[in-house]
Amino acid sequence: MSTDTPFRYAYNSLVYVGEDLAESVERVARFGYDAIEIVGEPERIDPRQVARRTADAGIAVSSICSIYTAERDLVHPAAAQRARAIEYVKDLADFAAVMGCPTVVVHPTACMKTAPLADPADEWTWAVESIRTAGEYAAQQGVSFSLECWNRYESYFLNRLEQARALWAATGLANGGVQGDTFHMNIEESSIVEAFRASAGVLQHVHLADSDRTAPGGALIDFEPIVDVLIDIDYRGYLSFELLPAAADPFASGRQEEFFDRYTERAIRTLRAVEQQVRARRALDGKG
Ligand code: LER
Ligand code: MN
């Protein structure tokens with residue numbers, strides 16, 4: 001692959017609330033995506049069925065959108081609770097492996113937990129230990145982790161990519177790296193572009209959404225410099241659209257029709273046009 005290889009796009013099925021997976025796979029394939037992101041609920045979703053459906057539709061599974069609840073808290077002060085969270089992430093590695101999916105999204109603590117329950121230094125140690133334990137297991141299944149940063153209203157633990165890079169380095173793991181989500185980055189980073197640039201070589205996965213979490217092109221984020229820097233740093237992972245309705249809790253935001261056909265179509269159309277424009281300009285400028 002060279003730096004002019006086009007990006008691969010995925011759509012996160014988290015927002016297809018109440019829909020049969022077969023329909024979700026069909027829609028994502030129909031609008032020209034390379035892959036679908038699957039919700040991390042191994043007890044509800046049969047990975048063999050997903051593997052069959054995606055293979056039939058000619059798309060891949062890009063990633064697992066893990067659901068970190070209070071019961072799945074990798075830095076909980078109770079060791080038994082942390083152990084349960086580690087088991088959840090290990091289960092996700094098995095789940096991903098069945099689907100040939102390369103990446104499980106990891107965040108150290110529960111979504112909507114906005115303050116620590118213990119001393120921050122202890123929580124850091126637990127985060128390193130929990131992620132390392134689950135990550136060593138995932139490596140044996142051929143699966144990588146992406147440490148995702150969330151905005152301050154969803155988590156106090158990793159808000160910026162520099163923090164995720166430090167945590168990732170502390171685990172000593174080689175299977176994976178960090179993850180930026182433009183919705184969160186737009187709130188927390190002083191520069192989305194520079195945060196990505198500083199993550200060169202360790203960026204495992206990317207979530208794209210506009211500033212209001214709808215499809216790119218409808219709100220405030222300028223995706224041209226973002227695409228440009230991702231080409232600059234030779235990012236080879238998926239660009240996965242994670243679009244969600246306006247609600248504080250992203251896992252309880254409910255079903256909204258525009259996130260089905262309308263945004264699935266608009267997201268990839270907008271980003272492919274931006275990508276083409278950026279690549280054409282770079283070619284004129286003599287950049288790869
Ligand atoms: C998950 O990818 C994410 O970005 C968080 O907002 C939790 O849903
Ligand atoms: Mn995300």
Side-chain angles (χ1 to χ4, degrees), residues 9-17 35-41 44-45 61-75 85 88-89 92 95-96 101-114 127 131 144-161 163-164 167-168 176-189 192 195-196 199 203-216 219 221 223 226 230 235 237-256 259 263-264 267 271:
Y9 291 96
Y11 197 88
N12 190 338
S13 53
L14 176 66
V15 78
Y16 295 155
V17 178
I36 186 166
E37 184 162 321
I38 296 290
V39 176
E41 292 295 358
R44 273 204 296 108
I45 297 171
V61 177
S62 59
S63 36
I64 304 300
C65 179
S66 316
I67 308 294
Y68 292 100
T69 59
E71 290 71 44
R72 296 165 175 173
D73 184 347
L74 291 160
V75 300
Y88 168 65
V89 183
L92 293 183
F95 181 64
C101 163
T103 303
V104 168
V105 175
V106 172
H107 187 83
T109 194
C111 193
M112 306 307 288
K113 180 179 162 198
T114 55
I131 293 167
S144 296
F145 282 175
S146 58
L147 272 190
E148 187 179 26
C149 301
W150 296 347
N151 75 72
R152 66 191 71 180
Y153 308 106
E154 287 183 34
S155 177
Y156 63 97
F157 212 105
L158 299 175
N159 300 130
R160 295 183 309 283
L161 283 178
Q163 299 166 319
L167 181 58
W168 184 252
V178 302
Q179 174 179 342
D181 176 323
T182 55
F183 169 73
H184 299 298
M185 295 173 85
N186 184 59
I187 297 169
E188 298 297 345
E189 303 283 358
I192 296 178
F196 276 134
S199 303
L203 187 65
Q204 172 71 19
H205 193 52
V206 171
H207 275 165
L208 295 181
D210 216 322
S211 53
D212 59 356
R213 232 170 185 178
T214 65
I221 297 181
F223 285 89
I226 293 173
L230 292 173
Y235 174 65
Y238 285 98
L239 299 181
S240 182
F241 296 100
E242 183 181 68
L243 313 180
L244 289 168
D249 181 347
F251 301 145
S253 52
R255 180 184 169 106
Q256 283 190 16
F259 290 82
Y263 288 160
T264 307
L271 252 289

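One-based numbering, in listed order, for ligands and for the atoms of each.
The N, O or S atom of Asp181 with the smallest distance to the Mn ion (ligand 2) is OD2. Within Glu242, OE1 is the N, O or S atom that lies nearest to the Mn ion (ligand 2). Glu148 has its closest N, O or S atom to the Mn ion (ligand 2) at the position named OE2.
The closest side-chain heavy-atom distance from Pro216 to Leu243 is below 4.5 Å.
By the 4.0 Å heavy-atom criterion, Arg213 is counted among the residues contacting ligand 1. Between His184 and ligand 1 there is a heavy-atom distance shorter than 4.0 Å. Contact annotation: Asp181 has at least one heavy atom less than 4.0 Å from an atom of ligand 1.
The aromatic rings of Tyr68 and Trp150 sit tilted relative to each other, their planes meeting at an angle between 30° and 60°. Relative orientation of the Tyr16 and Tyr11 rings is parallel, given thresholds of 30° and 60° on the angle between their planes.
Atoms of ligand 1 found under 4.0 Å from any heavy atom of Phe251 (numbered from 1 in listed order, with element): 7 (C), 8 (O). Ligand-side atoms of ligand 1 in range of His207: 2 (O), range being under 4.0 angstrom from any heavy atom. The Glu154 neighbourhood of ligand 1 comprises atoms 5 (C), 6 (O), 7 (C), with distances under 4.0 Å to a heavy atom of that residue.
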Run the numbers on Val106 and Leu92 for side chain to side chain contact (heavy atoms under 4.5 Å, CB included), then give the verdict.
-> CA-CA 10 Å; Val106 172; Leu92 293 183; over 6 Å; no
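Put simply, the side chain of His205 never gets that close to the backbone of Gln179: no donor and acceptor are under 3.5 Å apart. Thr103 contributes no side-chain N or O that, together with a main-chain N or O of Ser63, makes up a donor-acceptor pair within less than 3.5 Å. When atom types are taken as modelled, the side chain of Asp249 and the backbone of Phe251 share a donor-acceptor pair closer than 3.5 angstrom. Proximity of a side-chain donor or acceptor of Arg213 to a complementary backbone N or O of Phe183 within less than 3.5 Å is not detected.
At least one N, O or S atom of His207, from either the backbone or the side chain, sits less than 2.8 Å from the Mn ion (ligand 2).
Between Gln179 and ligand 1, a contact under 3.5 Å exists for no N or O pair.
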